[in-house]
*Asks:* 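Quick one: the structure is below, questions incoming.
Small disclaimer: the values here were computed from a predicted structure and weren't measured. By convention in this document, chain letters (A, B, ...) are assigned in the order of the sequence lines, proteins followed by strands, and residues within each chain are numbered from 1.
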Protein chains: 4
Amino acid sequence: MGIQERKERERERRRQQIMVAAKRVFSVKGFSKATMEDIAKEAELSPGTLYLYFKNKDELYASLSLRILQYLLIRLEHVNAEPDLTPDQMIESLKETMYDVYEFDPLILVNMFHLQSSEALKNLTPELLSEIRDLSQNSLNTMAKIFEKGINNGAFVEKNPLVFSDIVWALFSGIVLWEESKRIFNQESNSLKETLETAFEIFAQGIKKMERR
Amino acid sequence: MGIQERKERERERRRQQIMVAAKRVFSVKGFSKATMEDIAKEAELSPGTLYLYFKNKDELYASLSLRILQYLLIRLEHVNAEPDLTPDQMIESLKETMYDVYEFDPLILVNMFHLQSSEALKNLTPELLSEIRDLSQNSLNTMAKIFEKGINNGAFVEKNPLVFSDIVWALFSGIVLWEESKRIFNQESNSLKETLETAFEIFAQGIKKMERR
Amino acid sequence: MGIQERKERERERRRQQIMVAAKRVFSVKGFSKATMEDIAKEAELSPGTLYLYFKNKDELYASLSLRILQYLLIRLEHVNAEPDLTPDQMIESLKETMYDVYEFDPLILVNMFHLQSSEALKNLTPELLSEIRDLSQNSLNTMAKIFEKGINNGAFVEKNPLVFSDIVWALFSGIVLWEESKRIFNQESNSLKETLETAFEIFAQGIKKMERR
Amino acid sequence: MGIQERKERERERRRQQIMVAAKRVFSVKGFSKATMEDIAKEAELSPGTLYLYFKNKDELYASLSLRILQYLLIRLEHVNAEPDLTPDQMIESLKETMYDVYEFDPLILVNMFHLQSSEALKNLTPELLSEIRDLSQNSLNTMAKIFEKGINNGAFVEKNPLVFSDIVWALFSGIVLWEESKRIFNQESNSLKETLETAFEIFAQGIKKMERR
DNA sequence: TATGAATGAGCATTCATTCAT
DNA sequence: CATGAATGAATGCTCATTCAT
């Protein structure tokens with residue numbers, strides 16, 4: 001391993017260290033209320049150091065979203081790679097993927113919609129921006145491929161697979177946000193798992209072609 | 001009309017004027033990047049005036065959410081009041097309600113999740129907070145009642161009506177957020193209407209009890 | 001009584017009403033933290049009305065000091081007018097005057113030193129400013145005359161009567177301020193009356209020419 | 001000298017630099033009219049820097065009072081430590097202490113009564129608050145001890161030493177305030193030194209037990 | 001005269017970012 | 001590379017004062 005490579009590795013370790021700290025802080029305080037100093041303290045580094053690894057606060061934030069999108073894509077490709085899934089198995093597999101994404105990073109997902117603000121996008125490097133775009137595009141496409149199979153083999157009603165993907169992702173995001181918001185407003189709430197379970201079950205029923213004789 | 005009443009009306013008009021301006025500004029900039037001065041300018045008032053009608057920035061923001069929740073509740077109660085809906089009609093009716101809510105205030109809804117931050121809740125008057133709580137509770141309950149009917153007359157599979165309500169609301173929120181975020185990332189996107197249409201259709205299929213002979 | 005005069009009287013009544021309210025509010029909150037709206041509410045008037053009777057906040061404040069200075073002068077002239085006081089009676093009389101001044105307006109006196117700020121003086125009309133100057137000058141002179149008598153009839157040690165006056169007034173102001181500040185810091189404090197009593201007793205002893213044999 | 005210690009020393013220097021600037025600005029403008037930016041400019045620092053060393057404006061202000069109280073206490077303990085003072089020497093010593101306190105910080109003393117506002121106390125850290133309390137308590141007690149000696153050895157009339165202390169402090173504060181206020185109102189004024197001289201002389205005469213043969 | 005809604009300058013405080021060490 | 005003190009622009013909010021009614 002060359003010295004160059006070792007350095008690169010070391011640098012990556014630091015980045016991760018910062019991102020882990022940032023995730024924790026953003027989760028608790030939200031994007032705006034979290035300060036760079038909070039994050040620096042959590043990472044046991046000084047504020048200045050953060051700027052050696054991330055151009056600015058927005059970029060640090062966006063990098064977190066990148067990470068979860070990467071994880072999502074890997075999981076979806078895994079589902080897609082598996083041959084011979086029955087429709088029910090496929091939906092089940094998607095459900096588990098979503099649930100794992102949630103476990104991987106429950107609160108960042110909630111906050112990921114911070115990126116919606118076109119103001120927030122202004123401070124991102126074009127590279128990071130397009131990386132995020134590509135990743136989410138790829139995730140959607142992979143999901144669409146999964147549904148395409150189902151349609152092709154006659155298991156699913158004929159619909160645009162891309163719309164199916166949208167609905168799955170929206171369903172998932174919506175449920176996470178919704179549960180979270182109910183928790184905060186202290187309203188009785190079914191567990192995320194239960195709601196997710198039911199939602200996907202309903203979804204599965206809905207897209208299965210009912211056999212008629 | 002008494003002088004008292006006239007004043008009250010005038011005051012309400014001003015509040016609306018401010019809220020309309022605030023909605024526009026928050027929509028474009030998001031909560032944190034929008035300044036009170038931005039909003040004042042948009043409303044063609046001075047910053048100080050805003051504080052005559054809203055205790056602080058958070059409260060102004062929350063008032064916007066209140067408005068849409070009020071509209072939602074009214075629409076849902078309307079659906080619930082209609083007798084003799086077939087399952088399909090009911091789902092159709094819900095879909096239209098959601099779509100109208102979106103038209104009523106497309107972007108605030110996207111941002112409504114700002115309220116999730118428990119930090120944001122700190123600056124709200126308890127009255128406003130409980131009003132928001134009650135409204136969303138009532139909306140959920142009304143939606144649940146609608147599903148209860150469907151379950152009772154055997155049209156729907158037996159499931160907790162409250163979970164159904166959650167899913168509808170989450171589905172809706174999720175789709176709006178998702179479409180919005182795709183628009184911002186410049187990804188090709190199906191129209192909101194189309195996605196909503198399909199999603200509710202799938203949902204309807206999923207919860208209907210299939211008659212077999 | 002002419003209509004002109006009646007109006008003048010009415011105007012004076014309003015002024016007094018405002019000053020009474022102002023005194024109460026300034027006493028509780030201090031000059032800076034008291035707002036014109038606070039005072040208006042206390043006077044059951046609107047903020048705008050205050051400005052019909054007082055040019056600005058500083059002037060309203062200064063008018064209060066004027067009132068107590070007027071009261072002080074009247075009392076001192078009374079003491080001076082009394083013939084044939086023994087040294088002890090004279091000091092006693094001064095002590096009571098000071099105590100009554102305190103009772104007349106305990107907290108404004110404490111705050112009267114707000115006027116020391118040369119910034120505060122900038123907003124006063126020259127008339128009001130010179131009125132305050134004259135009144136305090138007169139009070140001092142009257143006090144000095146009282147001491148002059150004591151010196152002339154051999155009862156007091158020979159010293160500049162004006163310095164005596166200064167000391168009396170400073171002693172009094174200091175004690176009031178000091179007691180007040182100890183009260184706020186929750187330190188055990190002798191009652192104002194007791195401290196005043198002792199202080200004047202000491203003062204009397206100090207300036208009396210002790211004749212023996 | 002360790003690096004830790006050097007930093008601490010540097011930090012203390014900055015604090016002093018800010019306090020010196022603050023003293024100047026508060027003296028001229030008074031607490032409310034002085035802005036943090038004024039002080040920053042005077043200290044040739046930026047506004048933000050002030051907050052690295054003082055929690056807020058109130059705390060910066062209170063720290064000034066602390067300093068003078070510390071100086072007072074040291075001087076008083078010095079007086080108390082000296083053995084074999086005659087009554088006259090003791091009073092002389094107190095007078096000089098007071099005069100030096102005035103020289104040390106003439107105008108802050110005038111403003112020290114800003115702390116009387118219970119509103120002002122709200123923003124202070126409990127630590128600072130209790131430090132101020134303890135210091136003034138100790139100063140009073142030390143002064144009381146000084147008088148106790150005088151009473152014990154029969155030189156002073158028998159009176160509560162604490163009341164004596166109160167009077168001395170009040171006398172001093174009162175004179176400073178009074179001189180200052182006369183200066184502002186452009187009234188002819190005896191010099192502080194002369195008034196102080198006379199006042200203490202009178203005080204000394206008043207508390208001395210007159211020897212009779 | 002009296003009102004009180006509206007004003008807008010003013011200010012304390014925060015915090016992302018920089019840079020000398 | 002790492003630091004963390006310093007920066008200073010930015011912003012929410014206040015309140016003395018005005019003025020149309």
*Asks:* For residues 15-28 of chain C, which residue pairs pass the side-chain hydrogen bond (donor to acceptor under 3.5 Å, both in side chains) check, not counting sequence neighbours?
*Replies:* C:E12-C:Q16, C:R14-C:Q17, C:Q16-C:R67, C:R24-C:E42
*Asks:* Nearest whole Å is fine: how far is F:dA6 C1' from D:Q17 CD?
*Replies:* 12 Å
*Asks:* Return the value, rounded to whole Å, for the distance between atom CG of B:L45 and atom C1' of F:dG12.
*Replies:* 17 Å
*Asks:* Applying salt bridge (Lys or Arg N to Asp or Glu O under 4.0 Å), name anything that partners D:K7, two or more places apart in sequence or on another chain.
*Replies:* none
*Asks:* side-chain hydrogen bond (donor to acceptor under 3.5 Å, both in side chains) with B:N56: which residues, sequence neighbours excluded?
*Replies:* none
*Asks:* Could you write out DNA chain F as dot-bracket? Rules: Watson-Crick or G-U wobble, both distances under 3.5 Å, brackets [ ] for crossings, | for pairs with another strand, dot for unpaired.
*Replies:* .||||||||||||||||||||
*Asks:* Please state how far atom CZ in B:R9 lies from atom P in E:dA5, giving the value in whole angstrom units.
*Replies:* 17 Å
*Asks:* For nucleotides 16-21 of chain E, just jot down a letter per nucleotide in 5' to 3' order: B, S or -, based on protein non-hydrogen atoms under 4.0 Å.
*Replies:* SBB---
*Asks:* Among all residues two or more places apart in sequence or in another chain, which pass the side-chain hydrogen bond (donor to acceptor under 3.5 Å, both in side chains) test with A:S46?
*Replies:* A:T49
*Asks:* Any idea which heavy atoms bring C:L128 and C:S63 closest together, and the distance?
*Replies:* CD2-OG, 4.2 Å
*Asks:* My understanding is that only residues two or more places apart in sequence, or in another chain, count here; which of them pass ring pair (Phe, Tyr, Trp, His ring centres under 6.0 Å) with C:F31?
*Replies:* C:F26, C:Y61, C:H114
*Asks:* Given atom CD of D:E59 and atom C1' of E:dT13, what is their separation to the nearest angstrom?
*Replies:* 14 Å
*Asks:* List the residues meeting side-chain hydrogen bond (donor to acceptor under 3.5 Å, both in side chains) with B:E131, not counting sequence neighbours, and say none if there are none.
*Replies:* none
*Asks:* Taking 4.0 Å as the cut-off, does a side-chain nitrogen or oxygen of D:Y53 come that near to OP1 or OP2 on F:dA6?
*Replies:* yes
*Asks:* With a 4.0 Å cut-off on heavy atoms, is D:R11 in touch with a base, just the backbone sugar-phosphate, or nothing at all?
*Replies:* nothing
*Asks:* Once you round it to whole Å, what is the distance between C1' of E:dT13 and CG of D:L60?
*Replies:* 14 Å
*Asks:* Nearest of F:dT3, E:dA6, F:dA5 to any side-chain atom of B:R14?
*Replies:* E:dA6
*Asks:* Per the salt bridge (charged side-chain N to carboxylate O under 4.0 Å, His left out) rule, what does the pair list look like for residues 25-35 of chain C, sequence neighbours excluded?
*Replies:* C:K29-C:D38
